Number of protein chains: 2
Amino acid sequence: MTQSPSTSAPATAQDGPLPRQRRTYSIGELAKMFEVTTRTIRFYEQEGLLAPERRGQTRIYDEKDRVRLKLTLRGKRLGFSLAEIREVVMMYDAMPDGNRRQLRRLIEILTDKRRNMERQLEDIRLMQLELDDVERRAREVLASLGDSD
Amino acid sequence: MTQSPSTSAPATAQDGPLPRQRRTYSIGELAKMFEVTTRTIRFYEQEGLLAPERRGQTRIYDEKDRVRLKLTLRGKRLGFSLAEIREVVMMYDAMPDGNRRQLRRLIEILTDKRRNMERQLEDIRLMQLELDDVERRAREVLASLGDSD
DNA sequence: GCCGAGGTTTACGTTAACGTAAAGGTCTTG
DNA sequence: CAAGACCTTTACGTTAACGTAAACCTCGGC
């Protein structure tokens, strides 16, 4: 299958209106899309963060999988471990029939993450000031280098 | 030395005005202050991020060291590797007598970090929205649990 | 004089998050 | 039908950032 935005099926004429967003993806497509390796994606599955369907051996990812991968990678960029991400993701999935204790626990976790975000915001603000400062100084020194060097 | 905010010296009466902020810290003090282990602090030194003085064997940290540790930990929280942090820190130190190439390189790195910060800001914004959403749903489900369970 | 609370070095262990390699299956295109 | 371009599993390797343990020094107080 030498590339070709994989639609789920050839779609015969009588299929009628496609069942709302029936797009699917191969592992390679997702990998390119998010600039990660296929290894990474398989690893995330192994860690319980993804659960694509299979056509034979081959993994078939749908829109939901893509979104989940996107969220996972975003979480990673923010310094969350895969375990943390999985915890939220799994609880989110189990929500509909979750009991009180689980739901409260979920909300607790979310509150915690939010605190984390707040701190990061502050860290970023401070770090930006630092960077500004360092760059300003660097430019000063650079400017003062009339001809020497 | 059963704890006692280590001042550098007993400071005899004739010392005159203390040479601007002469406070020093033991490794244990810093560890508590930043909630890390002493192992971590020694490790950072080994990685070239700190270079405290020695009184005999013992490490003596001053204000500059403390600030550097603070910045290092902040960088870590933002997902920078120690190598990245060291790169900036070392270039910053070498700045005064840095040549053009080095300075330009430093500015380049800073610009890169800044882009990183921008992305993180966006990521946080999005993540906060996600968290809001998940929590809202969780509370809904929780509220709908009149008496069952 | 020794005990406890600090400090030190050396060195091996651990964990997360993949990388990398081998060996093989399945299309499809020249 | 052979060559690519994909996909698969299995399994060992790697790196960063410490943790943990052992064995030691040193001071101030009782």
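Just so you know, these numbers come straight off a predicted model, no measurement behind them. Every chain is numbered from 1 and lettered A, B, ... according to where its sequence line falls, protein lines coming before strand lines.
- For A/Ser26 and D/dC7, the shortest distance from a side-chain N or O to OP1 or OP2 is below 4.0 Å.
- Going from atom CG of A/Leu30 over to atom C1' of D/dC6 covers 14 Å, rounded to whole Å.
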Which atoms of nucleotides 9-12 of chain D (N or O only) lie under 3.5 Å from a protein N or O atom, and what are those distances?
from: D/dT9; atom 1: OP1; to: A/Arg54; atom 2: NH1; distance (Å): 3.1
from: D/dT9; atom 1: OP1; to: A/Arg54; atom 2: NH2; distance (Å): 3.2
from: D/dT9; atom 1: OP2; to: A/Arg59; atom 2: NH1; distance (Å): 2.9
from: D/dT9; atom 1: OP2; to: A/Arg59; atom 2: NH2; distance (Å): 2.9

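- Rounding to whole angstrom units, CD of residue B/Glu47 and P of D/dT15 are separated by 14 Å.
- A/Arg74 meets the side chain to side chain donor-acceptor pair (under 3.5 Å) test with no other residue; sequence neighbours excluded.
- For the pair B/Ile41 CD1 and C/dG7 C1', the computed distance is 13 Å after rounding to whole Å.
- Counting heavy atoms from C-beta on, the side chains of B/Arg114 and A/Asp132 come closer than 4.5 Å.
- As a whole-Å value, the separation of A/Ile27 CD1 from D/dA5 C1' is 15 Å.
- Look at CD on A/Glu45: it is 17 Å from P on C/dA17, rounded to the nearest Å.
- Between B/Thr58 and the phosphate of C/dT8, there is no side-chain N or O to OP1/OP2 separation shorter than 4.0 Å.
- Contacts between residues 69-92 of chain A and DNA chain C, defined by a heavy-atom separation below 4.0 Å, involve A/Lys76, A/Ser81, A/Leu82, listed by number.
- For A/Glu45 (side chain) and A/Pro52 (main-chain N/O), no donor-acceptor pair under 3.5 Å exists by modelled atom type.
- The hydrophobic cluster around A/Leu129 extends to none of the other residues, as no ILVMFWY side-chain heavy atom falls under 4.5 Å of it.
- Taking 4.0 angstrom as the limit, A/Tyr44 places a side-chain polar atom (N or O) nearer than this to OP1 or OP2 of C/dC18.
- Residues passing the side chain to side chain donor-acceptor pair (under 3.5 Å) test with B/Arg39: none are found, sequence neighbours excluded.
- The distance between atom CZ of B/Phe43 and atom P of C/dG13, rounded to the nearest whole Å, is 17 Å.
- Look at CD on A/Gln46: it is 12 Å from P on C/dC18, rounded to the nearest Å.
- The side chain of A/Thr37 places an N or O atom within less than 4.0 Å of a non-bridging phosphate oxygen (OP1 or OP2) of C/dG19.
- Annotation: salt bridge (charged side-chain N to carboxylate O under 4.0 Å, His left out) contacts of B/Arg115 (sequence neighbours excluded): none.
- Residues meeting the salt bridge (charged side-chain N to carboxylate O under 4.0 Å, His left out) test with B/Glu122, sequence neighbours left out: B/Arg125.
- The side chain to side chain donor-acceptor pair (under 3.5 Å) search around B/Lys113 returns B/Glu84, not counting sequence neighbours.
- One interatomic measurement links the two molecules: CD1 of A/Ile60 to P of D/dC7, which rounds to 10 Å at whole-angstrom precision.
- Under the side chain to side chain donor-acceptor pair (under 3.5 Å) criterion, A/Arg77 pairs with B/Asp123, sequence neighbours left out.
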